[in-house]
Number of protein chains: 2
Amino acid sequence: MGLAKTEMFTDQQNKISLFAKVFGHPARVAILQHLFKIDSCVCGDLVNEIGLAQPTISQHLKELKHLGLIKGNVEGTSVCYCIHKENWTVMKTIMTEFLNQDLSENQDCC
Amino acid sequence: MGLAKTEMFTDQQNKISLFAKVFGHPARVAILQHLFKIDSCVCGDLVNEIGLAQPTISQHLKELKHLGLIKGNVEGTSVCYCIHKENWTVMKTIMTEFLNQDLSENQDCC
DNA sequence: TTAATTTATTGCAATATTACGATTAATATT
DNA sequence: AATATTAATCGTAATATTGCAATAAATTAA
């Protein structure tokens with residue numbers, strides 16, 4: 001985050017921006033959409049699905065996992081990744097609250 | 001976006017990630033929340049509200065304006081910034097669709 | 001016109017992100 | 001054990017983001 005300090009902002013603001021940041025790359029959006037579309041998934045599928053190299057996909061998966069939005073279980077030589085439903089729901093609540101801030105009360109000053 | 005090309009992804013995926021990216025910094029989240037909270041706003045207020053230098057706030061405002069989420073009208077020596085309601089609603093639809101992807105149909109494989 | 005006020009722009013420096021080749025680690029198969 | 005398969009990690013180059021001092025631009029007030 002450059003030189004800015006998280007202490008300058010509220011916990012809520014920091015949480016929102018952390019979730020948003022992870023959605024701020026189309027590859028991670030595509031990974032999540034693919035995980036939603038199918039039941040289970042291995043990393044290799046994603047490498048084929050998305051046109052990026054295996055280490056790159058692995059790195060994106062790591063970020064998603066670190067934020068708790070996905071989980072991965074080792075299954076033989078491959079890894080089964082899927083959406084972490086409980087955490088996704090928590091994230092959705094936080095993001096939706098931010099997106100649904102009420103517009104109607106404000107005068108349109110501009 | 002590093003070396004990745006937007007052509008690799010769908011329009012929808014690119015849109016989602018662009019919106020998410022702008023929310024990916026707590027200062028911009030704070031700016032938007034402040035604009036929602038009050039009717040109108042000048043840049044100076046935001047510099048006081050958020051603990052960042054005036055050029056930095058101006059830069060964040062520029063990004064928000066570029067994406068169409070806020071609009072700014074010159075009023076004397078100051079500028080009145082506010083939420084672009086129509087565009088905010090459009091953005092909200094796109095983001096909500098992404099966040100509301102159905103979980104119930106999927107087996108939890110992990 | 002001059003000075004004051006407010007915001008935008010420029011020009012960096014510091015940091016973060018992204019991508020991938022090469023390699024390693026872990027497991028499965030033969 | 002040796003080989004194959006799959007994903008993670010390391011190292012590094014390219015690019016993007018962030019923050020701010022200095023300055024410019026625009027408007028208002030005296």
Side-chain angles (χ1 to χ4, degrees), chain A residues 1-9 13-14 17-31 34-35 40-67 70-82 110, chain B residues 1-9 13-14 17-31 34-35 40-67 70-82 110:
Chain A
M1 192 174 48
L3 309 172
K5 292 159 191 151
T6 56
E7 306 93 55
M8 296 174 62
F9 305 100
Q13 286 162 349
N14 284 316
S17 64
L18 280 177
F19 283 130
K21 191 181 279 182
V22 91
F23 299 142
H25 194 292
R28 289 190 292 264
V29 171
I31 287 171
H34 191 67
L35 289 181
S40 63
C41 195
V42 292
C43 182
D45 285 0
L46 291 164
V47 173
N48 295 332
E49 185 74 13
I50 301 158
L52 292 170
Q54 178 267 321
T56 308
I57 298 292
S58 188
Q59 197 175 315
H60 284 308
L61 287 168
K62 191 179 176 183
E63 289 176 65
L64 290 167
K65 195 175 180 182
H66 184 252
L67 226 75
I70 64 173
K71 47 187 171 179
N73 271 31
V74 176
E75 289 197 357
T77 56
S78 63
V79 178
C80 170
Y81 278 107
C82 60
C110 303
Chain B
M1 190 173 52
L3 307 171
K5 291 160 192 150
T6 56
E7 307 92 58
M8 295 174 61
F9 304 99
Q13 286 162 348
N14 285 316
S17 64
L18 281 177
F19 283 130
K21 191 182 279 181
V22 91
F23 299 142
H25 194 292
R28 290 190 290 264
V29 171
I31 287 171
H34 190 68
L35 289 181
S40 63
C41 196
V42 293
C43 181
D45 286 1
L46 291 165
V47 173
N48 296 331
E49 185 75 15
I50 302 158
L52 291 170
Q54 178 268 322
T56 308
I57 298 292
S58 187
Q59 197 175 315
H60 285 308
L61 287 168
K62 191 179 176 182
E63 288 176 67
L64 289 167
K65 194 175 180 181
H66 184 251
L67 226 76
I70 64 173
K71 46 186 171 180
N73 271 31
V74 177
E75 288 195 359
T77 55
S78 63
V79 179
C80 170
Y81 278 109
C82 61
C110 303

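Labels below follow one simple rule: chain letters A, B, ... track the order of the sequence lines, proteins then strands, and each chain is numbered from 1.
- Looking only at side-chain heavy atoms (C-beta outward), B/Y81 and B/L61 come within less than 4.5 Å of each other.
- Look at CD on A/E75: it is 18 Å from P on C/dA26, rounded to the nearest Å.
- Summary of the strand contacts: B/E63 and B/P55 both lie near DNA chain D, and taking for each the nucleotide with the nearest heavy atom, the more 5' one is attributed to B/E63.
- One donor-acceptor pair, N or O on each side, does fall under 3.5 Å between the base of D/dC20 and the side chain of B/Q59.
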Checking side chain to side chain contact (heavy atoms under 4.5 Å, CB included) for the pair B/L35/B/C41: CA distance, chi angles, key distance, verdict?
CA-CA 7 Å; B/L35 289 181; B/C41 196; 3.3 Å; yes
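- Closest of all the heavy-atom pairs between B/V47 and B/Q54 is CG2-CA, 3.7 Å.
- Between B/L52 atom CG and D/dA21 atom P there is a gap of 11 Å when expressed in whole angstrom units.
- Rounding to whole angstrom units, CG of residue B/L18 and P of D/dT17 are separated by 10 Å.
- For A/R28, whose side chain is taken as the heavy atoms from C-beta onward, the closest listed nucleotide among D/dT6, C/dT18, D/dA7 is C/dT18.
- Atom pair B/D45:CG and C/dT7:C1' shows a separation of 13 Å (rounding to whole Å applied).
- Across the protein-nucleic acid pair, B/M8 atom CE and C/dT18 atom C1' stand 12 Å apart, rounded to whole Å.
- Note on A/S58: a side-chain N or O is less than 4.0 Å away from OP1 or OP2 of D/dA8.
- The NE2-P distance, from A/H60 to D/dT9, rounds to 15 Å in whole Å.
- A sub-4.0 Å separation between OP1 or OP2 of D/dA16 and a side-chain N or O of A/H25 is absent.
- Nucleotide D/dA14 has C/dT17 as its partner under the Watson-Crick or G-U criteria, with both atom distances under 3.5 Å.
- Using a 4.5 Å heavy-atom threshold, the side chains of A/V42 and A/E75 count as separate.
- Using cut-offs of 30° and 60° on the angle between ring planes, the pair B/H25 and B/H60 is tilted.
- The side chain of A/K21 contributes no N or O atom lying less than 4.0 Å from OP1 or OP2 of C/dA16.
- The shortest distance between the side-chain N/O atoms of A/Y81 and the OP1/OP2 oxygens of D/dA8 is below 4.0 Å.
- Checking the phosphate oxygens (OP1, OP2) of C/dA19, no side-chain nitrogen or oxygen of A/T56 falls inside 4.0 Å.
- In terms of position on DNA chain C, the residue among B/T77 and A/A53 whose nearest nucleotide sits closer to the 5' end is B/T77.
- Spacing between atom NE2 of A/H66 and atom C1' of C/dT17 amounts to 15 Å, rounded to whole angstrom units.
- The distance from atom CD of A/E49 to atom P of D/dA7 is 14 Å, rounded to the nearest whole Å.
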